[in-house]
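In what follows, a structure is listed as structure tokens, so that the remarks can point back to it.
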Amino acid sequence: MRKWNTVFANLILSYLFIVLVIVLLLCSSFYMYFTGKYKEELRDRSRIALENTAQTIESSVLRRAQQIYLDISLNKTADVRLLADPSFKGDHAEVLDLQELLRSAVIRNSDLVQAVHLYYPKPNIMLSSAYGLKFYADRERETPFLTDWIEGMRSSKESSLWTQARLVPEDIYSNLKGGKSQALITYAHGYPFRSSGADSEVIVAVDVKESAISGIIRNRMPSRYEGTFIVDSSGNAISGSDKGKLGQRAEAGAGALDPGAGDAGGTVEWSSQVATYLTLPSTGWKLYSIMPSSAFYQKSIFIQKLILGLCLFALLIGIVMSGVLARANTGPIKRLTAKIKGLLDPASASVANEYRLIDTAFVKLNAKVASLEETLEANSSVIRHNVILGLLRNSYSQEELAEDLDFLGLDREYGRYCCLLLDSRGAFAGLNSRSLQYAAYRMIGQLEAAALPDGFIRAEALPDKRVVVLIGADRESGELRERISRFVVAEGRERFELDFQISWGCWVEELIDVHRSFDEARIRMKYAYFFPETSILNDPELLDREQSTEEIPQAILAKFRDKLHARQADGLADAVEQLATVMREGVYAADYCRYILANTVFVYSDYMKSVRYKHPDPGNPDLYGEFAGLPHILAYQDWLTNSAAEFIAHMESRNSERAVSSVEAVKRYIQDHLSEDLSLDAVAGQVFLSPKYLSKLFKEEVGVTYTDYVTGQRMERAKALIEANKLTVEQIASTVGYGTAAYFIKKFKEIHGCTPGNYRRSIARHA
């Protein structure tokens, strides 16, 4: 027993016990933390992959379909209201032009679009890029394949809709069964733009290939392609690997899908499956990716086994080290006890256990030394900061708030509370980090030093560099808020020579509800960007604007793009000024306006890339970085106007040098592509010039209009083909770029004075 009572035995047992406990704790902690964390990482990766796929579908399919509708509706060469106009006299040339517009749209977007249709509800006529002109369109035998969207639009109060996916035969007129089919989804939109489906004069329908969506899914998520599909709000399959189930109710095996749920996305786990889903914002469809749980968490299971193995290895190392450390620590302890024995009386020195001997020595030493008490004073300012942030985030319960209320320094409860929000981001933009911190806390000190006879003020700096001012009073007082706001503005100008903006929140009865007042102040502060000259943002109409669904007229948005493409600096400046004025004076939501401003920068940047613009200074400008750093909309207006003017001046200088070579390049392109789309817009894009500038340049250099030149070249080629007498009139029309023989015959007669057939017969007679 005396042997087990020694310091060596006690150290061995202690070390072994500590090692065992630590390893078990680490094993449990690592097992729970890393496996849980890795599972969360796997779910995040799945969600990110799904988000990237959804963003690609949004930009490459859904928005392109909407853009095709806009391009057709806004096209100036053909009027989409042609057949809806009661004054229409049946000019076939205009109908052909309109059909040619639809075919051109299909050709340009052949990877996405199968066909484009125009349906006129009142005369019940449909003009299709694939099937031509149809009278009584809803009575034809092939109606289920062409116009399943007509009934939906007739009864719809919305301006647009997306149909379910359905299989459409390649030849809808054939009675033979077993023919090839392809899956299509139709995007239908009424015209005029804001009219509902029931009130539309024209319905533009774009047949989108389902293969474009499934191709994106296959490319983005190749390993999950078989288990990934899209369903609409009714639960019917829109896209998926099994084309036979398109348009039918989608099933997930072990779990039930809820496509009508309002959440944006998430991950759902069942007994044997894991489903990740995400909502496509423009259509409300849900993108699902379902995998077996064993495959989804395969890497996580490996991590679990690895952690268990490492813990067992650590336990073995701990046992070995326990013996080594126990032996190493025995020597100093024995030397210490030897000295203690010489200092203690014989009765105390006879204790066998070294630890007890040391304990006895410390007890006696403690009797001679006064105990010292260390008092830690809580950092009240940090705690108060956290309490205020908790109130603003609505993370307190009533009981929790009662416990932490003393840290706010309130001597009593007040009848009303409200928040003011001070925007320091724009005001302190020119200060360095140290000066910014000094200015913010100096302002907070000035506010809290202000004496209120029947209330209190607490101010805190927020993580986003704003300052929140919490006010308590016995009653609602607009005068109190006004006085504090003017004090802030005056102090900013006097002490820092800076202009602050401050927004108001509503009064609330309970301190725990102060987050509602803070939310109102944040909403009003959004509009500081649009009203930089307004120091105090307290207008109730700003709250109404936040709920507004009004959209800026398309004509205003299109004006910027048109003036940019036309490279008219003055007109572009007017367009930017008009856009800024409409946002400042209109009733549009702040986030929507910021989106429009960002989209305008995108249009500008995209056009610069399309013309291969290189900035004269080294390196291209970071337009989005410059836009993000602008403090308000007036600075945005000046920046965009000056940048665009510099760009236009540089491009005009560059284009004047390339004028002659560009015309020659256009002529060569026309000769080599007579059978293709030779519209002014298409050819201008090939030589990176604006259509308007190319038309003007062509007239000046060649002496004839661009259209007349193309028509002349086509007729000359047609004349040569007729003289060769190897092709039919229809084949010649297709070879020289005319979609229909009738339109080709009309143009040939206008140029040569006779029809192709008469010209061929006259050549035969002379031969």
With sequence neighbours left out, write down each residue that passes ring pair (Phe, Tyr, Trp, His ring centres under 6.0 Å) with [X], or none if nothing qualifies.
X	answer
Tyr592	none
Tyr191	Phe193
Trp162	Tyr187, Trp285

For Glu510, all residues meeting side chain to side chain donor-acceptor pair (under 3.5 Å), sequence neighbours excluded: none

Partner set under side chain to side chain donor-acceptor pair (under 3.5 Å) for Ser289, not counting sequence neighbours: Thr228

Flag the pair [X] / [Y] as yes when at least one side-chain heavy-atom distance between them is below 4.5 Å, and no otherwise.
X	Y	answer
Leu421	Leu537	no
Phe518	Leu462	yes
Asp513	Tyr417	no
Leu597	Met583	yes
Gln66	Ser160	no
Ile230	Ile217	yes
Leu542	Ile523	no
Ser503	Asp423	no

side-chain contact (heavy atoms from CB on, under 4.5 Å) with [X]: which of [options]?
X	options	answer
Leu640	Thr600, Leu579, Leu623, Leu572	Thr600
Val61	Thr283, Ile216, Ile185	Ile216
His385	Leu389, Val387, Ile383	Leu389

Geometric class of the Tyr414/Phe456 ring pair [parallel <30°, tilted 30-60°, perpendicular >60°]: tilted

Counting N and O atoms only, with roles assigned by atom type, does the side chain of [X] sit under 3.5 Å from a partner on the main chain of [Y], one being a donor and the other an acceptor?
X	Y	answer
Arg524	Trp504	yes
Glu460	Leu470	no
Arg481	Gly505	yes
Ser517	Cys506	yes
Ser605	Val601	no
Ser156	Glu158	yes

Residue pair Thr534 / Tyr527, side-chain donor-acceptor N/O under 3.5 Å: no

Short side-chain donor-acceptor distance under 3.5 Å, Ser46 and Arg224: yes

Closest heavy-atom pair and its distance - Thr641, Ala573: CG2-CB, 3.5 Å

Least distance between heavy atoms, Arg416 atom then Trp507 atom: CB-CE3, 3.4 Å

Audit row: Lys609, Asp606, salt bridge (charged side-chain N to carboxylate O under 4.0 Å, His left out) steps and yes/no: CA-CA 5 Å; Lys609 293 177 182 177; Asp606 190 57; over 6 Å; no

Whether over 12 other heavy atoms sit under 6.0 Å from Glu400 CD: yes

OH (Tyr624) with more than 12 external heavy atoms under 6.0 Å: yes

Ile457 and Val469: CA distance, side-chain angles, deciding distance, side chain to side chain contact (heavy atoms under 4.5 Å, CB included) verdict: CA-CA 7 Å; Ile457 295 179; Val469 182; 3.8 Å; yes

Phe560 and Leu564: CA distance, side-chain angles, deciding distance, side chain to side chain contact (heavy atoms under 4.5 Å, CB included) verdict: CA-CA 6 Å; Phe560 174 82; Leu564 179 64; 4.2 Å; yes

Charged tip of Arg594 within 45° of Tyr529 ring normal and under 6.0 Å: yes

Could you tell me whether [X] and [Y] have a side-chain N and a carboxylate O separated by less than 4.0 Å?
X	Y	value
Arg516	Asp519	no
Glu51	Arg47	yes
Glu541	Arg545	no

Step-by-step side chain to side chain contact (heavy atoms under 4.5 Å, CB included) determination, Leu392 to Ile388: CA-CA 6 Å; Leu392 300 182; Ile388 292 179; 4.2 Å; yes

Residue pairs fulfilling side chain to side chain donor-acceptor pair (under 3.5 Å) with at least one residue in residues 576-590, sequence neighbours excluded: Glu533-Arg584, Lys559-Gln578

Evaluation steps, side chain to side chain contact (heavy atoms under 4.5 Å, CB included), between Asp544 and Val587: CA-CA 8 Å; Asp544 298 333; Val587 292; over 6 Å; no

